[in-house]
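Comments concern the structure below.
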Amino acid sequence: MSRMESWPEPIIRVQELSESGIKEIPEHFVKLPADRPCFIETTSHVDNIPLIDLENLKSFDESIRVETMELISKACREWGFFQVVNHGVSHELVAYVRGVWREFFHLPLEEKQKLANSPVTYEGYGSRLGVVEGAKLDWCDYFFLHYLPQLLKDENKWPSLPISCRQITAEYGQQLVNLCERLTKILSINLGLNEDYLHKKFGGDNERGACLRVNFYPKCPQPDLTLGLSPHSDPGGLTLVLPDTDVTGLQVRRGDDWMTVKPAPNAFIVNIGDQIQVNIANAIYKSVEHRVIVNSAKERISLAFFYNPGGNILIKPADELVTEDQPALYSPMTFNEYRAFIRTKGPCGKSLVESLKSPR
């Protein structure tokens with residue numbers, strides 16, 4: 001059986017649909033009325049997620065350093081999302097990697113199909129998540145690859161075209177690993193833990209995981225009927241999103257509303273994943289639902305870098321964060337066990353995370 005045939009239904013490349021000139025999207029992309037996007041702006045007085053300047057952590061002024069740490073802590077506790085600028089990742093490299101992946105998605109279909117993925121590992125060029133027959137689909141194509149651990153990293157599974165894709169992606173991945181190491185130190189300190197706590201709990205240099213999903217959202221003739229990505233929270237540890245510079249699309253749940261994130265220039269969007277909320281921070285930090293809307297006039301590309309615990313490491317709320325007044329809210333489990341749980345329950349989100357709470 002070929003990789004394409006291993007899916008429960010014939011794979012439809014969304015980009016091909018979009019470029020065919022259709023005026024109406026196929027029924028299997030049409031979301032139920034309650035799940036469709038609303039393009040009316042929220043009435044909240046806050047119009048964006050917090051923006052953090054990491055350069056302030058190097059300030060000679062201690063009050064500025066303390067204030068910046070507190071801003072990050074507040075963002076993790078109240079939002080689960082924030083943006084970072086002056087993060088140390090080369091702006092030139094960011095422009096290159098965004099451009100090279102946009103070029104990949106505009107290669108001829110037969111070239112991309114050589115890297116078509118299967119539901120076994122999801123590595124490669126794909127157009128759907130999940131194997132439930134008859135499921136409503138998202139308006140998105142993507143490419144998924146492993147970066148860490150080294151045992152899973154296989155650059156031969158990465159695109160050989162454009163010519164620079166493998167080299168640029170490898171360099172980009174290393175710089176993002178460095179940024180994730182820096183952020184996990186900050187998060188650990190803000191939780192009152194040793195600065196290397198999250199690094200060790202994720203498995204250290206040898207067992208931690210990292211993967212990249214490049215999302216391509218083609219123009220959609222009926223953006224009010226579908227989504228680029230359905231509502232979910234990220235199952236892993238920490239996610240760094242490189243957004244499109246020209247088109248907004250990411251929406252974050254804020255109470256009963258969806259807030260459209262407005263990317264700052266040269267910023268990464270950081271979001272807390274389920275593993276930090278459930279299995280380390282004991283719900284002090286929040287893993288928040290988010291989704292992606294699409295656009296009728298413009299395509300959009302984003303790069304999501306997932307930094308995760310090793311699959312077989314048992315993770316539980318940090319002992320230092322468990323007290324008589326704040327007992328452990330979740331049972332210990334490995335990341336692999338968590339992912340298996342997700343596969344049986346469907347897309348992860350607030351209700352799924354709540355269902356994991358230990359009986360009290």
Side-chain angles (χ1 to χ4, degrees), residues 1-32 35-37 97-145 157-166 169 211-230 232 242-250 291-304 347:
M1 180 184 292
S2 71
R3 285 172 291 180
M4 292 285 285
E5 293 172 341
S6 60
W7 293 95
E9 298 163 318
I11 292 296
I12 301 171
R13 299 304 183 194
V14 179
Q15 187 177 3
E16 295 302 300
L17 273 178
S18 173
E19 294 177 356
S20 72
I22 60 170
K23 303 300 182 185
E24 297 182 357
I25 61 176
E27 183 62 28
H28 43 267
F29 289 98
V30 177
K31 304 296 184 182
L32 297 174
D35 299 329
R36 294 174 189 172
V97 76
R98 188 189 281 118
V100 80
W101 278 104
R102 190 182 296 276
E103 189 177 343
F104 167 79
F105 282 102
H106 284 285
L107 290 173
L109 179 60
E110 57 269 23
E111 186 64 37
K112 293 179 288 189
Q113 293 284 55
K114 295 175 184 177
L115 297 166
N117 70 353
S118 81
V120 177
T121 66
Y122 285 95
E123 286 181 276
Y125 174 54
S127 298
R128 70 175 289 165
L129 296 171
V131 293
V132 177
E133 193 168 350
K136 293 294 185 181
L137 303 181
D138 291 334
W139 193 262
C140 177
D141 295 329
Y142 65 86
F143 197 97
F144 179 82
L145 60 87
K157 296 180 179 179
W158 302 4
S160 58
L161 294 175
I163 297 291
S164 59
C165 185
R166 292 178 179 176
T169 301
C211 47
L212 176 69
R213 179 180 146 132
V214 185
N215 300 301
F216 184 80
Y217 305 100
K219 290 184 285 187
C220 178
Q222 294 177 298
D224 56 320
L225 298 183
T226 192
L227 290 166
L229 280 179
S230 296
H232 65 287
L242 177 63
D244 198 299
T245 54
D246 300 320
V247 190
T248 59
L250 176 64
R291 68 182 187 183
V292 174
I293 56 175
V294 289
N295 193 289
S296 61
K298 294 182 178 181
E299 68 185 35
R300 180 174 175 271
I301 193 167
S302 70
L303 286 75

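Throughout, residue positions are numbered sequentially from 1 according to the sequence presented. This structure is a prediction, so every number in the text was calculated from the model and none was measured.
- Each of V214, L115, L107 was compared with P159 under the side-chain contact (heavy atoms from CB on, under 4.5 Å) criterion, and only L115 meets it.
- With contacts defined as side-chain heavy-atom distances shorter than 4.5 Å, the pair E24/P221 does not qualify.
- Taking CG from L137 and OG1 from T226, the interatomic distance works out to 8.5 Å, rounded to the nearest 0.5 Å.
- Looking at K112, its side chain does come within 3.5 Å of a backbone N or O of F105 through a donor-acceptor pair.
- Atoms CD1 and CG, from I11 and D141 in turn, are 9.5 Å apart once rounded to the nearest 0.5 Å.
- Note: Q15 CD to S20 OG = 11.5 Å, rounded to the nearest 0.5 Å.
- Note: R13 CZ to L109 CG = 7.0 Å, rounded to the nearest 0.5 Å.
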Applying side-chain contact (heavy atoms from CB on, under 4.5 Å) to L242 and V97, what does each step give before you reach the verdict?
CA-CA 10 Å; L242 177 63; V97 76; 4.0 Å; yes

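- Shortest non-hydrogen contact noted between G126 and N117 is CA-OD1, 3.5 Å.
- Side-chain contact annotation: T169 with W101, donor-acceptor N/O pair under 3.5 Å present.
- For the pair E103 and R98, the salt-bridge criterion is not met [side-chain N within less than 4.0 Å of a carboxylate O].
- Across every non-hydrogen atom of I12 and S127, the tightest pair is O-CB, 3.5 Å.
- Counting heavy atoms from C-beta on, the side chains of L229 and R291 never come closer than 4.5 Å.
- Remark: K157 NZ to L145 CG distance equals 11.0 Å, nearest 0.5 Å.
- The two residues S18 and P218 make their nearest non-hydrogen contact at CB-CB, 3.6 Å.
- Ring pair F143/F104 is perpendicular by interplanar angle, where above 60° counts as perpendicular and below 30° as parallel.
- Shown here for S302 and P243, the closest heavy-atom pair between the two residues is CB-CA, 4.3 Å.
- Using modelled atom types, one side-chain atom of Q222 and one backbone atom of I25 make a donor-acceptor pair closer than 3.5 Å.
- The closest side-chain heavy-atom distance from V292 to Y217 is below 4.5 Å.
- Separation of the F216 and Y142 ring centroids does not fall under the 6.0 Å cut-off.
- You'll find the side chain of L303 stays beyond 4.5 Å of the side chain of N215, heavy atoms only.
- When all heavy atoms are compared, the tightest approach of F144 to R213 is CD1-CB, 4.1 Å.
- Panel note: side chain H232, backbone S230; a donor-acceptor pair is recorded below 3.5 Å.
- Annotation: side chain of L227 is not in contact with side chain of F29 (no heavy-atom distance under 4.5 Å).
- Looking at heavy atoms from C-beta onward, R102 lies in side-chain contact with D244 at the 4.5 angstrom threshold.
- At a threshold of 4.5 Å between non-hydrogen side-chain atoms, the residues I293 and P223 do not count as touching.
- In this structure, L250 and R300 approach most closely via the heavy-atom pair N-NH2, 3.7 Å.
- Ionic pairing of K219 and E299 is not present here: no N-O contact between side-chain nitrogen and carboxylate oxygen is shorter than 4.0 angstrom.
- Ion pairing between K31 and D224 fails under the 4.0 Å rule for side-chain N and carboxylate O.
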